[in-house]
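Reviewing the structure listed below.
Within every chain, numbering begins at 1; the chains are lettered A, B, ... in the order of the sequence lines, protein sequences first and strands thereafter. FYI, side chains are in, hydrogens and waters are out, and symmetry mates aren't considered; it's all heavy atoms of this structure.
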There are 2 protein chains.
Amino acid sequence: MSYLDRMTSDDAPVIGRSGSYAKGVARRREILDRAIEVFTERGADGTSLRRIAQALGVSHAALLHYFDSREQLLVAVYEHAEARRDEENHGHRPERAVDVMVEAAMLNVEVPGLVQLYSTLVAAALEADSSASKSFFTTRFENVREQLTNDLRRDQEAGLVRDDVDAKDVAALIVAASDGLQIQWLLEPSIGLQETLRAFSALLAPPAAR
Amino acid sequence: MSYLDRMTSDDAPVIGRSGSYAKGVARRREILDRAIEVFTERGADGTSLRRIAQALGVSHAALLHYFDSREQLLVAVYEHAEARRDEENHGHRPERAVDVMVEAAMLNVEVPGLVQLYSTLVAAALEADSSASKSFFTTRFENVREQLTNDLRRDQEAGLVRDDVDAKDVAALIVAASDGLQIQWLLEPSIGLQETLRAFSALLAPPAAR
DNA sequence: CATAAATACCTCCAGGCGGAGGCTTTTCTG
DNA sequence: CAGAAAAGCCTCCGCCTGGAGGTATTTATG
């Protein structure tokens with residue numbers, strides 16, 4: 001059974017070689033934890049396989065035993081960091097779907113390096129071949145848009161969001177605006193991330209509310 | 001006089017060593033033209049200094065004579081490609097400011113590699129040091145937002161755009177949405193770039209129009 | 001038109017990178 | 001407890017960027 005089969009099977013949806021032995025799984029997590037530290041300290045370019053390996057006291061080739069490529073490792077790091085962010089902030093759900101995205105953006109920019117990692121990987125995903133991040137982000141975008149579309153439809157029926165626009169379009173717009181604003185904010189914090197995203201939120205208010 | 005002085009002076013706002021001799025300026029343009037071809041063909045990672053140099057029949061060191069670094073060269077390539085895009089499509093100005101951005105996005109995704117180059121450079125700009133693209137995109141975002149803010153204010157006064165939201169916030173949102181959607185569209189063309197951006201346009205319509 | 005400066009380009013090198021292939025040790029399973 | 005599978009790790013390869021130091025060639029200028 002190849003690792004690809006395992007990737008697509010339902011029991012082990014993990015990026016990289018799965019590690020069926022308990023020790024390997026633990027080591028994998030250890031690598032991701034160290035890797036995100038290195039990324040935070042040294043940025044995308046500074047996060048070479050050798051640098052991560054050095055932080056763990058092994059050679060860079062050891063990492064390629066757990067992940068097929070540097071890119072795949074970075075995707076796993078992002079997923080790991082995002083999951084941790086969600087863990088630390090579960091249980092908090094605003095009324096409207098759009099505000100979920102607003103708050104996610106606020107959290108993102110507080111995790112050092114996370115937005116940079118995201119941008120780096122998205123850029124890599126646009127590369128012609130680049131199977132690792134391309135498939136990850138394609139399905140990620142799909143899932144987020146779908147979830148958001150459903151929530152928006154519910155909000156529209158509940159009269160919380162204006163219904164003269166297609167929920168599907170708005171979902172894509174929210175994701176785009178959120179992603180784009182985080183980048184702008186990192187380059188120029190004076191734009192006010194929260195106010196700007198709230199302005200978007202206001203655009204979606206139903207006409208009756210005005 | 002250093003190259004930085006020339007950058008900030010008003011007579012020669014060019015990225016990289018300016019080349020005060022006419023021949024040098026022509027050669028510079030030649031490099032950029034070839035570089036964008038290479039980028040289109042081989043993607044971001046495949047566009048090494050050596051590969052561009054090979055396409056020109058020179059060594060990679062020759063390129064470093066015109067540009068301080070690979071990153072600076074790529075920024076110049078983007079600027080060049082964007083300028084060419086505008087040249088080929090001047091004279092066309094929609095009524096509302098938001099629609100200018102909508103059409104710019106449509107044009108961007110038609111130039112192969114342009115969005116990828118943009119994303120790559122933005123990711124590089126978020127790197128801690130990264131002086132080359134960081135300063136370029138910081139000022140670029142500032143300029144675009146400022147221009148857009150002014151246009152939006154005019155539209156608001158003319159009753160073309162609702163005036164219950166701050167033009168400054170909307171400007172940042174438009175840029176973010178446009179950038180973000182181009183990426184989503186490249187990964188999943190089924191989202192419909194034009195319709196989605198038109199949905200945003202609709203959100204900005206004044207209440208009277210509904 | 002001579003000549004000094006700027007330009008244009010080269011070769012070679014240092015340091016770093018991702019990845020392939022191969023080797024031993026540990027761990028699980030029948 | 002055998003032996004297959006997984007883990008753990010290294011050495012070597014080719015490619016990359018950036019830069020030092022050198023040499024023609026072109027240009028501007030007295």
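Counting heavy atoms from C-beta outward, R85(A) and N108(A) have side chains that approach closer than 4.5 Å. Residues R140(B) and N143(B) fail the side-chain proximity criterion, which asks for heavy atoms closer than 4.5 Å. Using a 4.5 Å heavy-atom threshold, the side chains of F137(B) and L126(B) count as separate.
Annotation: the span from E95(B) atom CD to L160(B) atom CG amounts to 5.0 Å, rounded to 0.5 Å.
The pair E37(B)-R34(B) meets the salt-bridge criterion, with a side-chain N (NZ, NE, NH1 or NH2) lying under 4.0 Å from an Asp/Glu carboxylate O. Ion pairing between a basic and an acidic side chain is recognised when a charged N comes within 4.0 Å of a carboxylate O; R27(B) and E30(B) show such pairing.
Here the closest non-hydrogen pair linking A171(B) and L152(B) is N-CD1, 3.7 Å. For R145(B) against I191(A), the heavy-atom pair with the smallest separation is CZ-CG2, 3.5 Å. The shortest non-hydrogen separation linking R162(A) to L203(A) is NH1-O, 3.0 Å.
When rounded to the nearest whole Å, the span between CG of L49(A) and P of dC15(D) equals 19 Å. Atom CG in L73(B) sits about 15 Å away from atom C1' in dC16(D), given to the nearest Å. Look at CZ on R29(B): it is 14 Å from P on dA8(C), rounded to the nearest Å. We find that CG of D68(A) is positioned 12 Å from C1' of dA20(C), with the value rounded to whole Å. One atom, CD of Q54(A), and another, C1' of dG16(C), lie 12 Å apart when rounded to the nearest Å. In this entry the distance linking CG of L63(A) with P of dA20(C) reads 14 Å, nearest Å. As a whole-Å value, the separation of L64(A) CG from dC9(D) C1' is 11 Å.
In this structure, S48(A) reaches the dC17(C) phosphate: one of its side-chain N or O atoms is under 4.0 Å from OP1 or OP2.
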Atom pairs under 3.5 Å: protein N/O with N/O of nucleotides 9-12 of chain C:
{"from": "dC9(C)", "atom 1": "OP1", "to": "R27(B)", "atom 2": "NE", "distance (Å)": "3.3"}
{"from": "dC9(C)", "atom 1": "OP1", "to": "R27(B)", "atom 2": "NH2", "distance (Å)": "3.4"}
{"from": "dC9(C)", "atom 1": "OP2", "to": "R27(B)", "atom 2": "NE", "distance (Å)": "3.4"}
{"from": "dC9(C)", "atom 1": "OP2", "to": "Y66(B)", "atom 2": "OH", "distance (Å)": "2.6"}
{"from": "dC10(C)", "atom 1": "OP1", "to": "S59(B)", "atom 2": "N", "distance (Å)": "3.4"}
{"from": "dC10(C)", "atom 1": "OP2", "to": "S59(B)", "atom 2": "N", "distance (Å)": "2.6"}
{"from": "dC10(C)", "atom 1": "OP2", "to": "S59(B)", "atom 2": "OG", "distance (Å)": "3.0"}

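Scanning residues 32-40 of chain A for heavy-atom distances under 4.0 Å to DNA chain C yields an empty list.
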